[in-house]
Every structure is written in C-alpha cells, then in structure tokens.
2 protein chains.
Amino acid sequence: MAAWRRLVAVVELLPGVLDGQLRRDAQLTHFDYHVLAMLSEAPDRVLRMTDLAARTNATLPRLSHVVRRLEERGLVERAPCPSDGRATNARLTEAGWAKVRETAPGHVATVREHVVDALTPEQVTQLAGIADALLRRLDPDGRLTGALDRADRD
Amino acid sequence: MAAWRRLVAVVELLPGVLDGQLRRDAQLTHFDYHVLAMLSEAPDRVLRMTDLAARTNATLPRLSHVVRRLEERGLVERAPCPSDGRATNARLTEAGWAKVRETAPGHVATVREHVVDALTPEQVTQLAGIADALLRRLDPDGRLTGALDRADRD
DNA sequence: CCCAATCACTTGTACCTACAAGTGACGACC
DNA sequence: GGTCGTCACTTGTAGGTACAAGTGATTGGG
C-alpha cells in the first residue's frame, strides 16, 4: 500500500544526490553526464542529435542547448552529417572522453554507496526485475536502455 | 550488475510521467501537488514553512516562491505564526482542499497504472522493502515519509 | 522540374529552481 | 536592558528546461 509512496520519495531524492555529486566533482549536470556517457558508448563516439535525444529522454531543443554548452567547454563537437544534410552529428572530443573516464568512477561509487550497498544481494536481484518491469511501461521502446539497438544487432 | 542502470532510468523517467499528468489535468507541478498534499494531511491543514520544506525536500527559498504562486492562485494562505514572530504558517484554503480532493484520484490512478499494475503482488512487497532500505540512506531522518513525526507521537 | 509537406535542428521567450544577500524577530549573555 | 548571534523567512539574480516559432535540407507527388 505505502510501497508507491516510498518509491515516489526515492524518485524525488535520488536525482538530487546523483546530480549534486556530479556538480561538485565534475561541474556536470546528471543530464550532461548522461549525454557524455551515451556518446562514449557509441561507435566512434558519434551520435546524431535525434538518436542522442532518444537515448537521453530529452526533447531536441533541450539537447541542442545542452550540447551547445558542452561544445563551448570543448567536451563535444558538432558537425553536419555527410549522408543527410539535415542531421547534425555530435562527437565526443578527446577532452570529453577524458572527462568521462575521470568522472565515471566517482559517479559509480556514489550509486554504489547510496543504492547497492544499502540493499542485500537478494534485493539487488529483485530490484533488477522490478526496474525491468517498470521500464516496460515507462519506456516501451527501450530507448534509454539501448535494448532496441541490441535487438537490431542480435 | 545492470540493476542500478535500470533504476537510474526509472528515476529519470518516472518524474516526467507524474509531472506531466498533473500539469495536464490540474495545472500543477508534481512539487506543487506534494506541497498541497502535505498540507492536506497536517492537523488543521496548517504547517510552518520550515516543516513544509522538510517534508517536501525543498530549500526554503524554493518553497517560498512556490507558496507565493500557490497563494496567488488562492490555494494556500500565509499568516504569521502567533507563537513565533519569525515563523510563517502556510494554510490550505478551502479551494486548495477541493483541488487536492479532485486531483488525488487521477494522480493515484497514474501511479497505479505505471507502477503497481506493472508489478506482481510479490514484486510490490519486494519494492516496499527495497524503497525502505534506500530511504534509510537517502533520508535518514525520515523527513519525507513523516517517520520522525510518528516517532514523536508514539 | 517544381512545389508542398515533412524532417532535423536551432533560436527565442517564459517559467522554475538554486544560490546569495537582506530583513525582521527571538534568545542569551553581560 | 542592550548587544551579539542565530533563526525563519523573503527577495534578487543567474542558470537550466519547456514550449513555440523559424531556418535549411529532403522527400514525394504533379
């Protein structure tokens, strides 16, 4: 009965914790980090703006502003797509790649501290199943988790 | 291993769903709704700004702005606290109380649709335990869940 | 071909949130 | 009983996000 209220409370608090850690340690929004992380995992570390927006659950205007700021900081570069003149490719620069590599450990540690370590191994397993079930409703196409891509490759 | 990534995805998506539904159906931010809901559950539907800020995980400046806007809409009233000249009491007006009563069902239905119905009864039970464990890290004083108050009363 | 519709993105404006500084009230100490 | 420090809030300013409009590029039909 009160399960969903607690979930809402978690959903309210957790972003603040993650965001705060990244802002302090890397001058990065959690969303910024997510953008850089998605790029870092893409082939050649390049993604079209539209793809990137889907993977980060962002609207295109929002992504455009964020990428512009990241570009001003030298972490990302934009170039017109050769195959489609309408599209823009966002590429992670060397500095951006370095930023991800130096930021990721601290971020993962924060998640571990506030989530994984708070749960028993059994609960972690349960959580995986629960989050999976929720994502099937919240994100049917698996845009955020990249399930669509993996399905394409397999 | 990928459990925390899925949790992060959920934490990223769920607020948008809840916020969107409330904005459409009630012209209310999820945070606005949370403020009204906390007031509606308080004795006499009155709470000091500081208490309200703790219960909604807000900074005092943020709450001040939000309450001012809610006051302009006639949903909340502010009055100086009789017992402490520094404090301000926020009170839910009759219109605000009506707003909560007409908004709550739709909001609960949304949560039910996107969370409860997506899970098996067993998973709901597991989720309660997991969220509880997480909140002990994220919110040790139980401000959001009101555990502190209940502990005081008991 | 050429024109309309669409697409991919950018820019501009308004709202919301975070941080910093300011105001008035209370408490404690001398 | 005056003064210093703290408390509870409010206000102002900067930064980020959402929605709406605009710019080129591409596709499809006549």
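Residue numbering restarts at 1 for every chain, and letters A, B, ... go by the order of the sequence lines. Computed over heavy atoms, backbone and side chain alike; hydrogens, waters and symmetry mates excluded.
Rounded to whole Å, atom P of D:dT10 lies 7 Å from atom CG of B:L60. Atom CG of A:L28 is separated from atom P of D:dG16 by 11 Å (rounded to the nearest Å). As rounded to whole Å, 17 Å separates atom P of C:dG24 from atom CG of B:D84. Look at CD on A:E72: it is 14 Å from C1' on D:dG16, rounded to the nearest Å. In this structure, the CZ atom of B:R73 is 13 Å from the C1' atom of C:dC15, given to the nearest Å. One interatomic measurement links the two molecules: CG of B:N57 to P of C:dT17, which rounds to 13 Å at whole-angstrom precision. Atom-to-atom, CG of A:N89 to P of C:dA8 comes out at 13 Å; the value is rounded to the nearest Å. Between the CZ atom of B:R24 and the P atom of D:dC19 there is a distance of 11 Å, given to the nearest Å.
Of all nucleotides listed (C:dT11, C:dC26, D:dT17), D:dT17 comes nearest to the side chain of A:V66. Side-chain proximity of B:R86 to the nucleotides D:dT11, D:dT17, C:dG24 is greatest for C:dG24. Which of C:dA18, D:dT26, C:dT17 sits closest to the side chain of B:T29 comes down to C:dT17. Residue B:R69 places its side chain closer to C:dT17 than to any other of C:dT17, C:dT11, D:dT17. Listed nucleotides C:dT17, D:dT10, D:dT17 differ in distance to A:F31; the shortest reach to its side chain belongs to D:dT17. Nearest to the side-chain atoms of A:M49 among the listed nucleotides D:dG16, C:dC26, C:dT10 stands C:dT10.
Residue-environment remark: CZ (B:R112) stays at or below the threshold of 12 foreign heavy atoms within 6.0 Å.
When the side-chain nitrogen and oxygen atoms of A:R78 are compared with OP1 and OP2 of C:dT10, one or more of them lie within a distance under 4.0 Å. Taking side-chain N and O atoms only, A:R62 has no distance below 4.0 Å to OP1 or OP2 of D:dG16. Taking side-chain N and O atoms only, A:R23 has no distance below 4.0 Å to OP1 or OP2 of D:dG15. Checking the phosphate oxygens (OP1, OP2) of D:dT10, no side-chain nitrogen or oxygen of B:R68 falls inside 4.0 Å.
In this structure, B:T88 reaches the sugar-phosphate backbone alone: every heavy-atom distance under 4.0 Å involves primed, P, OP1 or OP2 atoms, never a base.
In terms of position on DNA chain C, the residue among A:R48 and B:P61 whose nearest nucleotide sits closer to the 5' end is A:R48.
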Problem set entry | Trace of the side-chain contact (heavy atoms from CB on, under 4.5 Å) decision for B:V124 with B:T120 | CA-CA 6 Å; B:V124 173; B:T120 66; over 6 Å; no
For this session: Decide yes or no on salt bridge (Lys or Arg N to Asp or Glu O under 4.0 Å) for B:E41 and A:R5, but give the supporting numbers first.
Result: CA-CA 14 Å; B:E41 294 176 2; A:R5 286 193 70 156; 3.3 Å; yes
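For the atom pair CD (A:Q123) and CG (A:L119), the distance works out to 5.0 Å, reported to the nearest 0.5 Å.
Side-chain to base pairing of B:H65 with D:dG12: one donor and one acceptor N or O lie within less than 3.5 Å of each other.
The cluster map of Ile, Leu, Val, Met, Phe, Trp and Tyr, joined by side-chain heavy atoms under 4.5 Å apart, puts B:V8 and A:V35 in different clusters.
Under the 30°/60° scheme for interplanar angles, the aromatic rings of A:H30 and A:H107 are found to be tilted.
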